[in-house]
Structures are given as C-alpha cells and as structure tokens.
Amino acid sequence: QVQLAESGGGSVQAGGSLRLSCAVSGDTAGPKWLTWFRQGPGEEREGVACASKAGNTIYTDSVKGRFSISRDNAKNTLFLQMNRLKPEDTAMYFCAATRDSIIVGSCLALSQYSYWGQGTQVTVSS
C-alpha cells in the first residue's frame, strides 16, 4: 500500500515562494507517476504538475514558468517549487501516485491515480 505525506505548505504574500514535499512510502521501486493536484475553495480538484519516474514532466498552463516539479527517486520524494505565487494559487495541494503506465498526456487527470495524500494548505495573500 503506497502512502503519501505532503509538507511545506503555508501562507505567503503574492510574489513569494514555497517548496512542497511529498514523502512516498510502501513502494520501494517508486511509483511510475507522481503528481501534484490542488483544490481551491469551491473548486474542483485540478492537476498542477506531474513527473514520471523516467523523467517526463507536464504542467498545467496556469503554472508554466512559475512552478517546477521534481522527484528524488533515491529518497522516494516528490517536490514542487512554487515561485511568483499568486492569490489564485491558494488551494489545498495534494500529492498523488500511480504504479501503472499511463499516457503522458493524461497524467494530470484525477482518474489515473489510486493513491492520495492528505494535502497541505497553501494560502497566497495579495
């Protein structure tokens, strides 16, 4: 059973930065895909960025050029470096994992993931 634990959330002013981490346990081989999702108040959960074990990365348009996803496969940890944060980035951020091979273009879809963390809150004030 894969377990995910996010950390690193907090409150920052617009333009600031945060680095989220997601510790993965229960899968020594490492999930094939690790992805960050977020869910703002009254909104649906959306994919933010995904990273394959092989090194593929995909970003949703709204964070391109500001966010960077990375994973340390040796430490089984996923990161999300968030720069130039905006108030609209305010959300609960979740880490998700799958052991399955998926099409790269579908890696931001919720339905692809079986394992989820509890989330970490990010609040950006203007």
Side-chain angles (χ1 to χ4, degrees):
Q1 182 76 3
V2 178
Q3 294 183 320
L4 307 169
E6 303 94 337
S7 60
S11 297
V12 296
Q13 291 190 325
S17 298
L18 283 173
R19 190 189 195 210
L20 305 184
S21 299
C22 174
V24 182
S25 59
D27 184 352
T28 55
K32 290 191 176 179
W33 285 89
L34 287 168
T35 297
W36 288 102
F37 288 83
R38 67 185 180 187
Q39 187 167 14
E43 298 179 358
E44 295 185 351
R45 194 170 296 189
E46 65 167 348
V48 176
C50 48
S52 73
K53 190 175 180 181
N56 304 100
T57 57
I58 298 287
Y59 297 88
T60 193
D61 287 345
S62 62
V63 307
K64 286 179 181 177
R66 300 189 299 121
F67 291 10
S68 178
I69 189 171
S70 61
R71 54 188 290 176
D72 184 333
N73 290 326
K75 296 183 178 180
N76 234 351
T77 304
L78 178 71
F79 302 99
L80 185 68
Q81 178 66 45
M82 305 186 294
N83 300 324
R84 291 186 282 137
L85 282 160
K86 303 176 181 180
E88 51 263 43
D89 295 318
T90 294
M92 185 72 79
Y93 283 71
F94 300 89
C95 176
T98 181
R99 291 169 161 166
D100 298 330
S101 296
I102 61 176
I103 298 172
V104 173
S106 67
C107 69
L108 293 178
L110 275 72
S111 60
Q112 301 288 357
Y113 298 91
S114 302
Y115 305 101
W116 292 85
Q118 295 299 307
T120 186
Q121 178 68 37
V122 172
T123 303
V124 185
S125 58
S126 58

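What you see below is based on every heavy atom in this structure, not just the backbone, and it leaves out hydrogens, waters and symmetry mates.
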Task: Arg84 (side chain) donor-acceptor with Gly65 (main chain) under 3.5 angstrom - done: yes
Task: Backbone of Gln118 reached by a side-chain donor or acceptor of Glu6 within 3.5 Å - done: yes
Open item on the list: Can you list, by chain and residue number, the hydrophobic cluster partners of Leu78 when the side-chain cut-off is 4.5 Å?
Closed with: Val2, Leu4, Val12, Leu18, Leu20, Val24, Leu34, Trp36, Val48, Tyr59, Val63, Phe67, Ile69, Leu80, Met82, Leu85, Tyr93, Tyr115, Val122, Val124
TODO: List for me each residue that meets side-chain hydrogen bond (donor to acceptor under 3.5 Å, both in side chains) alongside Ser52, sequence neighbours excluded, and say none if there are none.
DONE: Asn56
Task: Residue pair Ile102 / Lys32, side-chain heavy-atom distance below 4.5 Å - done: no
TODO: State which residues pass side-chain hydrogen bond (donor to acceptor under 3.5 Å, both in side chains) with Gln81; sequence neighbours excluded, sorted by chain then number.
DONE: Asn83
TODO: Starting at CD of Gln39, measure out to CD of Gln121 and round the result to the nearest 0.5 Å.
DONE: 10.5 Å
- [ ] Before accepting this row, confirm whether a basic side-chain N of the pair Lys86/Asp89 lies closer than 4.0 Å to the acidic partner's carboxylate O.
- [x] no
TODO: Identify the two heavy atoms, one from Cys50 and one from Tyr113, that lie closest to each other, and give their separation to 0.1 Å.
DONE: CB-OH, 4.2 Å
Task: Heavy-atom donor-acceptor pair, Arg45 side chain to Leu110 backbone, under 3.5 Å - done: no
Task: Any donor-acceptor N or O pair under 3.5 Å, side chains Thr98, Gln112 - done: no
Open item on the list: Would you call the rings of Phe37 and Trp116 parallel, tilted or perpendicular, taking 30° and 60° as the class edges?
Closed with: tilted
Open item on the list: Once rounded to the nearest 0.5 Å, what's the spacing between atom CD of Glu88 and atom OG of Ser126?
Closed with: 10.0 Å
Task: Heavy-atom closest pair, residues Ala51 and Arg71 - done: O-NH1, 3.1 Å
